[in-house]
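Okay, structure first, notes after.
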Amino acid sequence: MNTHAIASANRFDTASVGFLACCAAAAVLAGWMSVSINRERTCTLQEGPSAQLCAPPPAVGSNSEIAQLRSRIARDPGDANAYVAFALADRSARRDELVDLASTLAPRDPNLLANRADAALKRQDWRGAVPLLIELADKRDVEIAVKALASLVGIGQWALLEPYLTPGNRWLPRLLGTMRDSSQPFSGALPLVVRAQERGVLDPETVRGYVRDLKAQGAWADAYALWLSLHGKTLPALFNASFDHAFESDGFDWEVPNSGPARRAGVVVERRRAEERGSVLELQFTGRAIQLPIVRQYLFIGPGRYRMHGDHRTHQFRMEEGLRWTVRCDKTVVGASPAIGETGGLWRQFEFEFTVPAQCPLVASLQLETTPTTDAVLGARGRVSFDAFELERLD
């Protein structure tokens, strides 16, 4: 970058400086692409062998290169590749004019697209740069173009990309992958993902994958916003409370964190049909050590008092002190159910209240554990079923 460019960059904030550095890289890439692509085409398009043309080319932008390109144009005025190379090699004040002329002859040439995009970015003409970057990212898979789009999203310009959310596009997955791999905050791209999901551009399985990634990063608000985009604008505090629907992995549904091969598990967790109840959550204990938590759901709830109740049934259930449902804020237990023991195969109710403190993170977790947790190493035998859960706020 020359002295004038550096002085200009110093007027921007930190994000803009990094962004313009990305633009400078695009200019370098544009120059490299123009040389490498056009040289290959020069040799490929000759009618016969030409040692002179296929020899090591002159330096980029040198008088020798420009003279060579003029000669090609003189021989073949329709040689669009020569016009492109000539425009990009020129270092005079007429360069922009020559690039515009070459663009009329080869409007989709990747070298020209990269050059025009770079010029627009340096002018901070985001609206002019976006369609060029989209084409490079979508049709050409140019990595620097994808990174430039990610930088635009990072500075809040996601709305300029929204018109290009069309089925079958490839730029959006590439953009989101770049943001994920670079640990760039995903929140800037959240509106794009929501719009893409609403328009059928992204399938639910893909969106759930982004929800999983956001949960792993601790970006709970963004994760829940995507979860809402899959299910509607409002959801109950406890999702799938009666276990009527198959569990959706990677979201805010019931999950079995330590599931593994049934033959080695201390407990096998399934949804099963129960007479007059539809589907219920059923646990078969095998006598082996139990991994905790057995079942869990993350709750996106605010501070306050809550009441949790539900039904349970056990059959030939043997455990020292039984099971309990707990509510945890991070690792701190803020509420717990009475111990759940043998019911002789009959359905019984349980109920407990708890308070989520103001210092609790954005999510709490409702999870099934042993009472106490140290009993997990001893294992248990028998069957336990749960149904008809409800979580209500009391204040």
- [ ] Start with the C-alpha gap between Glu369 and Arg328, add the side-chain angles, then the distance that decides, and say whether salt bridge (charged side-chain N to carboxylate O under 4.0 Å, His left out) holds.
- [x] CA-CA 11 Å; Glu369 306 173 350; Arg328 292 178 177 265; 2.7 Å; yes
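Evaluated for a side-chain hydrogen bond (donor to acceptor under 3.5 Å, both in side chains) with Gln284, the options Arg383, Glu270, Arg381 yield exactly one hit, Arg383.
At distances below 3.5 Å, not a single donor-acceptor pair connects side-chain atoms of Asp222 with backbone N or O atoms of Ala219.
Using a 30° and 60° split on the angle between ring planes, Phe300 and Phe252 fall in the perpendicular class, above 60°.
Here Phe285 pairs with Phe317 under the ring pair (Phe, Tyr, Trp, His ring centres under 6.0 Å) rule; sequence neighbours left out. By the side-chain hydrogen bond (donor to acceptor under 3.5 Å, both in side chains) test, Ser337 pairs with no residue at all, sequence neighbours left out.
With no hydrogens or angles considered, a side-chain donor-acceptor pair links Glu248 and His231 at under 3.5 Å. Side-chain polar atoms of Arg271 and Ser279 form a donor-acceptor pair below 3.5 angstrom. Between Thr206 and Asp203, the side chains place a donor N or O and an acceptor N or O closer than 3.5 Å (distance only, hydrogens not considered).
Between Glu255 and Gly251, the shortest heavy-atom contact is OE1-O, 4.3 Å. Nearest heavy atoms, Thr314 versus Gly341: OG1-O, 2.9 Å.
Residues Phe350 and Phe389 bring their aromatic ring centres within 6.0 Å.
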